[in-house]
Amino acid sequence: MIKVYSWPTPNGHKVHVMLEECGLRLGRDWEVFPVNIGAGDQFKPEFLAISPNNKIPALVDPDGPDGKPIALFESGAILLYLAAKTGKLLPKTDRLKFQVLQWLMFQMGGVGPMLGQAHHFRMYAPEKIGYAVDRYTNEAKRLYGVMDKQLASSKFIACNQYTVADVAIFPWLRSWENQGIDWADYPHLKKWFDLVGARPAVQRGVKVLADLRKPLTGDKERDILFGKTQYGQHGKR
């Protein structure tokens, strides 16, 4: 089976959902190994061997290209790998494919980092910094507006069909309230959010490891996730 090293975060859920959407079933085609990022598991040598940037998720497929094993890190790369492996959720024609890829890059470069920062400064920062809260909340609202405008004329985020772009974006919007968002301001995006959230594969994917996600309980967890660690690195939610 494909081995997935993950934690119940938006980036982890992206891969869980993608596997299920591609017809790969947990327990039959893939198995999941928790990497507790609050406890520092992402810095263990065995995990760094497959994810040198100490971030989840990571994937090991024993039946990779040419039938040889392959290890991958970075959620966007994993989504594209699974699309290529299964022939699903990525259009075949170059024109449509690049329309999808630009929105996948939009998630990787904008939605993920900026919504993550909004969430952090609004909910987890040890001191409230008004400038940071306003900066990232406003950027979150701007990005939501970009997506809302796109979805005013398209059922899904790219080329009017369900693709890896939808899979990548959806988990990041599940914490909309903590990002300072009012759905009333984004009716087209809300319609899409409800549509995607009702998909059985999405519902299965976001439940994976969800029972392990608990509120932060102490300074040590916060330091690992959001501050300098003994490794001189930063944790990532």
Side-chain angles (χ1 to χ4, degrees), residues 1-86 104 107-109 112-113 115-117 119-120 124 164 167-168 171-172 174-175 201 204-237:
M1 289 193 287
I2 294 173
K3 294 178 171 59
V4 178
Y5 300 85
S6 188
W7 195 245
T9 71
N11 281 334
H13 286 319
K14 282 157 57 175
V15 173
H16 310 161
V17 169
M18 184 66 179
L19 285 157
E20 293 294 317
E21 288 284 15
C22 288
L24 302 172
R25 295 291 177 265
L26 179 63
R28 184 191 71 190
D29 305 301
W30 64 283
E31 55 187 334
V32 65
F33 298 89
V35 179
N36 188 337
I37 60 177
D41 288 355
Q42 67 271 36
F43 299 110
K44 292 181 177 179
E46 56 269 31
F47 182 70
L48 291 173
I50 57 174
S51 184
N53 197 33
N54 62 263
K55 310 297 182 187
I56 63 94
L59 175 149
V60 176
D61 184 358
D63 183 25
D66 303 320
K68 299 177 181 179
I70 186 171
L72 294 168
F73 67 102
E74 285 296 330
S75 58
I78 294 172
L79 262 58
L80 291 175
Y81 172 75
L82 292 172
K85 180 181 179 70
T86 63
L104 177 61
Q107 186 279 304
M108 300 297 296
L115 299 192
Q117 292 291 347
H119 197 141
H120 168 68
Y124 294 109
V164 293
V167 171
W172 281 100
R174 295 178 70 226
S175 296
R204 291 195 301 271
V206 298
K207 290 179 181 176
V208 176
L209 301 180
D211 59 332
L212 298 181
R213 186 72 181 268
K214 295 178 174 59
L216 298 182
T217 58
D219 291 340
K220 181 180 179 182
E221 287 180 319
R222 293 179 186 275
D223 287 345
I224 292 172
L225 285 171
F226 304 122
K228 286 288 184 68
T229 70
Q230 61 179 309
Y231 300 92
Q233 301 287 340
H234 285 75
K236 183 176 181 181
R237 297 188 67 251

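If you read the sequence from its start, that first residue is 1, and numbering goes on from there. All values reported here derive from a predicted model rather than from experimental measurement.
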S.K.: For the side-chain contact (heavy atoms from CB on, under 4.5 Å) test, which of Val17, Leu19, Leu104 pairs with Val167?
M.R.: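 Of all the options given, the one that passes is Val17.
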
S.K.: Can you tell me how far CG of Leu26 sits from NZ of Lys207, rounded to the nearest 0.5 angstrom?
M.R.: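 Going from NZ on Lys207 over to CG on Leu26, the span is 12.5 Å.
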
S.K.: Contact between Pro34 and Trp7 at the side-chain level, heavy atoms closer than 4.5 Å - yes or no?
M.R.: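 Yes; the side chains approach each other to less than 4.5 Å.
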
S.K.: About how many Å separate CE of Met1 and NZ of Lys3, when rounded to the nearest 0.5 Å?
M.R.: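 Answer for the NZ-CE pair, Lys3 versus Met1, is 7.5 Å.
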
S.K.: Rounded to the nearest 0.5 Å, how far does CG of Asp211 lie from CG of Leu209?
M.R.: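 Here the rounded value is 7.5 Å.
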
S.K.: Can you name the nearest heavy-atom pair linking Ile70 to Tyr81, along with the distance?
M.R.: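 Distance-wise, the nearest heavy atoms are CG2-OH, 3.6 Å.
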
S.K.: How far apart are the C-alpha atoms of Ile78 and Lys14, what are their side-chain angles, what is the distance that settles it, and do they pass the side chain to side chain contact (heavy atoms under 4.5 Å, CB included) test?
M.R.: CA-CA 9 Å; Ile78 294 172; Lys14 282 157 57 175; over 6 Å; no

S.K.: For Ile56, run the side-chain contact (heavy atoms from CB on, under 4.5 Å) check against Asn36, Val15, Val35 and tell me which one passes.
M.R.: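 Among the candidates, only Val35 passes.
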
S.K.: Just jot down the side chain to side chain donor-acceptor pair (under 3.5 Å) partners of Arg174, sequence neighbours excluded, or say none.
M.R.: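 For Arg174 there are no side chain to side chain donor-acceptor pair (under 3.5 Å) partners, ignoring immediate neighbours.
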
S.K.: To check you understand the geometry: which heavy-atom pair defines the closest contact between Gly23 and Asp29, and what is its length?
M.R.: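 Smallest interatomic distance, heavy atoms only, reads O-OD2, 3.7 Å.
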
S.K.: So does Ile37 get a backbone contact from the side chain of Gln42, meaning a donor-acceptor N/O pair under 3.5 Å?
M.R.: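 The answer is yes, because a donor-acceptor pair under 3.5 Å joins these two groups.
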
S.K.: Roughly how far, to the nearest 0.5 Å, is CG of Asp61 from CG of Leu82?
M.R.: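 Answer for the CG-CG pair, Leu82 versus Asp61, is 8.0 Å.
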
S.K.: Listed by chain and number, what are the side chain to side chain donor-acceptor pair (under 3.5 Å) partners of His13, not counting sequence neighbours?
M.R.: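 Result, side chain to side chain donor-acceptor pair (under 3.5 Å) vs His13: His16.
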
S.K.: Given side chains that start at C-beta, do those of Val208 and Ser6 come closer than 4.5 Å, heavy atoms only?
M.R.: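 Sidechains of Ser6 and Val208: no contact.
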
S.K.: Taking all non-hydrogen atoms of both residues, which atom of Gln107 and which atom of Pro113 are closest, and how far apart?
M.R.: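 Closest pair (atom of Gln107, atom of Pro113, distance): O-CD, 3.8 Å.
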
S.K.: Compare every heavy atom of Pro171 with every heavy atom of Pro10, then report the nearest pair and how far apart it is.
M.R.: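 Closest pair (atom of Pro10, atom of Pro171, distance): O-CB, 3.6 Å.
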
S.K.: Donor-acceptor check, side chain of Trp30 to backbone of Val4, threshold 3.5 angstrom: yes or no?
M.R.: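 Flag not set: sc Trp30 to bb Val4 has no pair under 3.5 Å.
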
S.K.: Locate the shortest heavy-atom distance separating Ser75 from Met108; write the atom from each residue and the value.
M.R.: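 Closest approach of Ser75 to Met108: OG-CE, 3.9 Å.
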
S.K.: Please round to the nearest 0.5 Å and tell me the distance separating atom NZ of Lys55 and atom CG of Leu48.
M.R.: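 Between atom NZ of Lys55 and atom CG of Leu48 there are 10.5 Å.
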
S.K.: Between CG of Asn53 and CD of Glu74, what distance do you get to the nearest 0.5 Å?
M.R.: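 Interatomic distance, Asn53 CG to Glu74 CD, rounded to 0.5 Å: 6.0 Å.
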
S.K.: Taking all atoms of both residues into account, what is the closest heavy-atom pair of Asp41 and Phe47, and its distance?
M.R.: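 It is O-CB, 4.0 Å.
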
